[in-house]
Amino acid sequence: MSASFMFPPVGFGPGSQIGQEDEELNYLAMPSGVHVYEPHVPEIDDPATMAATLAFLGDLQKQAQAWREGDARMLPRHNLSLAAGAAVNDALGEGEVSARLEDTAGLVEVQETVFAGIWSLRAYGGPPGQDVREQVEVSAFPKALLARAFPLRRARPDMAAGVVDGVVNAPAILTELFDRSENWKPQNSPHVVNLSLLPHTPEDMALLETSLGRGRLTILSRGYGNCRIEATATPHVWRVRYFNSMDTLILDTIEVSAVPEVACAAVEDIADSATRLREICAVLQEESASPQGGQA
């Protein structure tokens, strides 16, 4: 005899399964650690430090205001006192993008400030701590890094020696990338090979990494998770990998471009940075003129 359609079937619905009341739902973790701009005015008690800080930030604001696409405007920092340098660092803060370049000429460390397109650079001519040069640059991305990211010349390597059992798609990918690299021009659009969607084997990846080589520049962009960008030894070819907030690789690409766009500041961002710097300079100007003599 069939069960009546007026009654629900047995063994279905909430509470019908053994041990169900003791289980908890496991949700995926939501993205976290997203950086947002927060205005910050340094606290400065000394009038001389206030004057030096205000002069430097005022000059930087003018450079950002006058910046145009393709420019790179530098402002040296070596003439600042320790107190003024600390106050400038406090005002500029740290943004999402950092970079490190190391070659025979020395080491360069770069940190984008909270003002997009305004970069703090520290160059070491020798061992860290010796012959240190510091400056702030207004640009989409520091041009000094791009000039040294790749070897000046590199012959196309012989891939035949690296073709072993298990290699499937690497030779075709490398031929495409080498051709794009050798014929690259500044006006070219970025060319991206998406390894996450393209079938490949571990042997393919080993041949790709060996043939492309390793360059001198590493960039880390922190937004929704992390994006790690590494220059290869092949001019204009970058390895770009995206990780989520749980540090899981979610997108693996190789890009042929001047520099991956994810690491660059947009024209609108730099214009906005000039406006924000003007606001901070105005607050500092008011404080320096206050009866407290510059005390924040």
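Just so you know, residue 1 is the first one in the sequence shown, and it goes up from there.
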| Run the salt bridge (charged side-chain N to carboxylate O under 4.0 Å, His left out) check on E109 and R100 step by step: do they pass? | CA-CA 5 Å; E109 295 176 336; R100 178 185 174 92; 3.3 Å; yes
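- Hydrophobic clustering (ILVMFWY, side-chain heavy atoms < 4.5 Å, transitive): L146 and L121 are in one cluster.
- Under a hydrophobic-cluster definition in which Ile, Leu, Val, Met, Phe, Trp and Tyr are linked whenever side-chain heavy atoms come within less than 4.5 Å, directly or via other members, L101 and V262 are assigned to the same cluster.
- Looking only at distances, no side-chain donor or acceptor of E230 sits under 3.5 Å from a matching main-chain atom of G215.
- Looking only at distances, no side-chain donor or acceptor of E287 sits under 3.5 Å from a matching main-chain atom of I44.
- Under the 3.5 Å distance criterion, the side-chain polar atoms of W238 are matched with a main-chain donor or acceptor of S257.
- The shortest side-chain heavy-atom distance between T201 and V167 does not fall under the 4.5 Å cut-off.
- Here the side chain of R73 pairs no donor or acceptor atom with the backbone of L60 at under 3.5 angstrom.
- A salt bridge links R122 to E134: at least one charged side-chain nitrogen sits closer than 4.0 Å to a carboxylate oxygen.
- For the pair R228/T218, a side-chain contact is recorded, criterion being any heavy-atom separation below 4.5 Å from C-beta on.
- Judged purely by atom type and a 3.5 angstrom limit, T253 has no side-chain atom pairing as donor or acceptor with the backbone of E255.
- The closest donor-acceptor contact from the side chain of N226 to the backbone of F243 lies at 3.5 Å or more, if one exists at all.
- Using a 30° and 60° split on the angle between ring planes, W184 and H236 fall in the parallel class, below 30°.
- Within the 4.5 Å cutoff, the side chain of V192 has no heavy atoms near those of the V240 side chain.
- With contacts defined as side-chain heavy-atom distances shorter than 4.5 Å, the pair L92/L57 qualifies.
- In this structure, L284 and V41 have side chains that are in contact, with non-hydrogen atoms separated by less than 4.5 Å.
- The side-chain heavy atoms of T232 and L177, taken from C-beta on, include no pair separated by under 4.5 Å.
- Counting only distance, with no hydrogens or angles, the side chain of S221 and the backbone of C227 share no donor-acceptor pair below 3.5 Å.
- The backbone N or O of Q111 lies less than 3.5 Å from no partner atom in the side chain of S120, so there is not a single donor-acceptor pair.
- Within a 6.0 Å sphere centred on CZ of R180, other residues, nucleotides and ligands contribute 12 heavy atoms or fewer.
- Within a 6.0 Å radius of CZ in R214, no more than 12 heavy atoms belonging to other residues, nucleotides or ligands are found.
- Without hydrogens or angle criteria, H200 side chain to M205 main chain gives no donor-acceptor distance under 3.5 Å.
- E209 and R239 are joined by a salt bridge, as a carboxylate oxygen and a charged side-chain nitrogen come within less than 4.0 angstrom of each other.
- Considering only heavy atoms from C-beta on, R133 stays 4.5 Å or farther from P76 through its side chain.
- Counting heavy atoms from C-beta on, the side chains of L195 and R241 never come closer than 4.5 Å.
- Within the model, atoms CG of D71 and CD of E137 stand 10.5 Å from one another, a figure rounded to the nearest 0.5 Å.
- The main-chain N or O of N244 is never found under 3.5 Å from a side-chain atom of T248 such that the two would form a donor-acceptor pair.
- Inspection of the D272 and T275 side chains reveals no N or O donor paired with an N or O acceptor under 3.5 Å.
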